[in-house]
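Let me begin by presenting the structure, written as structure tokens, before commenting on it.
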2 protein chains.
Amino acid sequence: MAVTANNGESRQPLSRDRILNAAVLLADRQGVEVLSMRRLGRELGVRAMSLYKHVANKDDVLDGIVDIVVSQIDLPPYGTEWRKAMGDRARSARQVFLQHPWIAALFESRLTRPQQTPVRLRYVNTLLGLLRQNGFSVSNAYRALLMIDSYLYGFTLQEVNWRLEDGNASRSEEETVHQVPMETYQYLFEIYTHLSSQNAGISTRLNTEFALGLELIFDALERLRENGTKFDSPDAPTPLPDSDGEDCKLQD
Amino acid sequence: MAVTANNGESRQPLSRDRILNAAVLLADRQGVEVLSMRRLGRELGVRAMSLYKHVANKDDVLDGIVDIVVSQIDLPPYGTEWRKAMGDRARSARQVFLQHPWIAALFESRLTRPQQTPVRLRYVNTLLGLLRQNGFSVSNAYRALLMIDSYLYGFTLQEVNWRLEDGNASRSEEETVHQVPMETYQYLFEIYTHLSSQNAGISTRLNTEFALGLELIFDALERLRENGTKFDSPDAPTPLPDSDGEDCKLQD
DNA sequence: ACCTGAACACCGTTCAAGT
DNA sequence: ACCTGAACACCGTTCAAGT
């Protein structure tokens with residue numbers, strides 16, 4: 001009935017940023033599945049077709065909101081000791097992903113694409129740099145990041161699903177355990193029984209699990225680092241001429 | 001124009017299995033994004049509405065095809081030494097995922113849901129059992145599976161995207177390296193240069209990387225296993241009365 | 001019993017037309 | 001210059017109607 005739609009400030013002149021921020025907000029509140037061009041237009045007090053002046057298409061919108069999320073991940077400054085740097089970044093990424101759980105649906109084909117936006121190129125370049133400056137060989141830096149990211153993505157993927165699932169209804173292990181036919185799945189039963197006997201809630205437990213797994217991976221990578229290029233193929237060794245030890249800070 | 005559509009055997013009387021198998025085939029050939037009820041019906045020589053006699057809705061179809069994929073993963077028999085068991089299963093899962101790359105889009109909210117189908121319950125129950133029978137405490141079995149699965153899902157997720165991306169055009173690192181502004185992203189440049197200097201193709205390299213990361217994780221888990229319940233919360237210890245040592249085989 | 005036509009409330013996107 | 005109406009080719013799903 002009103003000519004200009006829902007929120008008071010919809011008369012700002014529409015821009016890529018305004019569209020993308022509205023998209024993130026909409027996804028946060030309702031999930032990616034309701035994120036359509038038409039709905040997004042409605043949210044901005046405009047018809048869907050108007051959006052196409054500022055974004056190429058829906059794909060562009062999805063890429064854009066992934067970039068917004070990625071840029072919310074704290075990037076450790078060059079010079080940070082690698083365990084702290086990789087740990088801080090992994091923890092920050094996990095927190096950001098949990099704040100925007102819909103991002104899991106975009107992991108596939110967006111977050112981990114090889115052809116990338118500047119935001120994502122800078123992000124992975126910095127992480128590789130941090131590893132290189134801490135004594136990782138080229139291969140091992142690649143290896144380490146691949147391993148940390150695999151763990152980070154895989155863990156968060158599972159975690160987000162569990163939270164979405166029993167989130168609102170707060171269905172806990174205590175209830176789940178009774179839904180599983182225990183004679184058939186004795187080991188699952190055993191786990192659920194064990195988990196529900198613990199005082200810690202699911203959040204606290206997953207925090208602990210994530211941290212522990214990360215430390216185990218870091219321990220493994222530390223051994224890799226010390227062993228240098230031991231696992232590389234024969235033509236690999238070329239250690240960089242250590243072009244920049246510490247003096248190249250990307251951010252504050 | 002023909003009354004019964006495309007393939008010769010479309011006059012079999014439509015069943016859940018026939019529908020799900022057609023869905024997997026369609027996804028394999030064209031990707032999940034083209035998998036619609038209407039398209040699926042067309043594929044079976046029938047209108048979309050007919051499908052609703054055999055499947056509840058599209059969600060049911062998607063759950064169904066995930067089950068089909070999961071059931072293609074080889075499940076090691078009880079009694080297998082844990083490193084071999086977990087390694088075989090991870091390698092088999094990876095192969096299956098690479099054969100059905102669209103599965104990555106369903107990782108979110110389907111593969112890792114807590115409320116599960118019998119196929120998936122049996123699958124994870126067996127894996128937990130294998131760990132328990134090899135001396136893992138209840139907590140550590142849970143921990144180990146969470147960690148292995150995180151790595152498996154995360155790694156495969158990234159790998160599938162890379163393959164889909166440069167798959168058909170076979171765009172290799174040699175070409176990618178020239179698209180990245182090397183002054184801005186020196187560490188990325190360094191990696192791409194290094195990777196493209198190796199003789200091994202991307203497939204071979206990722207095989208190696210996957211195997212190496214898996215071994216590093218197994219090494220870490222072996223230490224966890226030996227340390228028993230060291231990382232558990234105080235009320236945890238309860239080791240199972242070893243109800244079945246070896247005599248409970250689930251499969252051939 | 002099994003299939004379907006028509007309908008409903010949606011999609012993304014284009015393009016000629018309006019202000 | 002910026003927005004939009006109408007249109008196209010799609011969605012998932014329901015339900016009364018056909019055979």
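Computed from a predicted structure; not experimentally measured. Just so it is clear: chains get the letters A, B, ... in the order the sequence lines come, proteins before strands, and each one is counted from 1.
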### Summary
Taken to the nearest whole Å, CG/A/Asp60 to C1'/C/dT13 is 14 Å

### Query
For A/Met37 and D/dA9, what is the distance between atoms CE and P respectively, to the nearest whole Å?
21 Å

### Message
Quick check on B/Arg16: does its CZ atom have over 12 non-hydrogen neighbours (other residues, nucleotides or ligands) under 6.0 Å away?
### Response
yes

### Message
Could you tell me the Watson-Crick or G-U partner of C/dG5, where both distances fall under 3.5 Å? Say none if there is no partner.
### Response
D/dC15

### Query
In whole Å, what is the span from the CG atom of A/Asp59 to the C1' atom of C/dC11?
15 Å

### Message
Suppose you measure atom C1' in D/dC3 against the same atom in C/dA16; what distance do you get, rounded to whole Å?
### Response
13 Å

### Query
Which nucleotide in the list D/dC3, C/dC11, D/dT13 gets nearest to the side chain of A/Arg39?
C/dC11

### Task
Say whether B/Ser15 and B/Arg18, considering side chains only, have a donor N or O and an acceptor N or O under 3.5 Å apart.
no

### Task
With side chain to side chain contact (heavy atoms under 4.5 Å, CB included) as the test, would you mind laying out the steps for A/Tyr192 and A/Met182 before giving the verdict?
CA-CA 10 Å; A/Tyr192 277 123; A/Met182 49 178 141; over 6 Å; no

### Task
Please confirm whether B/Phe97 and B/Phe107 have ring centers closer than 6.0 angstrom.
yes

### Message
When the C1' atoms of C/dA1 and D/dA17 are compared, how many Å lie between them, rounded to an integer?
### Response
14 Å

### Task
Give B/Ser36 one of three labels, base, sugar-phosphate or nothing, depending on what nucleic acid heavy atoms sit under 4.0 Å from its own.
sugar-phosphate

### Query
Between B/Ala56 and B/Val34, who's closer to the 5' end of DNA chain D by nearest nucleotide?
B/Val34

### Task
Specify the separation, in whole Å, of atom CG of A/Leu26 and atom P of C/dC11.
11 Å

### B/Arg47 CZ to D/dA17 P, straight-line distance once rounded to whole Å
20 Å

### Message
Using a 4.0 Å heavy-atom cut-off, does B/Met49 contact any base of the nucleic acid, only the sugar-phosphate backbone, or nothing at all?
### Response
base

### Task
Could you please name the option among C/dT14, C/dC3, D/dG12 that lies closest to any side-chain atom of B/Ser50?
C/dC3

### Task
Decide whether A/Arg91 and A/Asn207 meet the rule of one side-chain donor and one side-chain acceptor closer than 3.5 Å.
no

### Query
Separation of B/Asn57 atom CG from D/dG12 atom P, in whole Å?
11 Å

#### Entry: Spacing of B/Lys53 atom NZ relative to D/dC15 atom C1', expressed in whole Å
10 Å

### Message
Looking at the base of D/dG12, is there any donor atom on it, or on the side chain of B/Arg38, that sits under 3.5 Å from an acceptor on the other one?
### Response
yes

### Message
Could you tell me how far apart A/Glu33 (CD) and D/dG12 (C1') are, to the nearest whole angstrom?
### Response
15 Å

### Message
Taking pairing as Watson-Crick or G-U wobble with both contacts under 3.5 Å, can you name the mate of C/dC10, or confirm there isn't one?
### Response
none

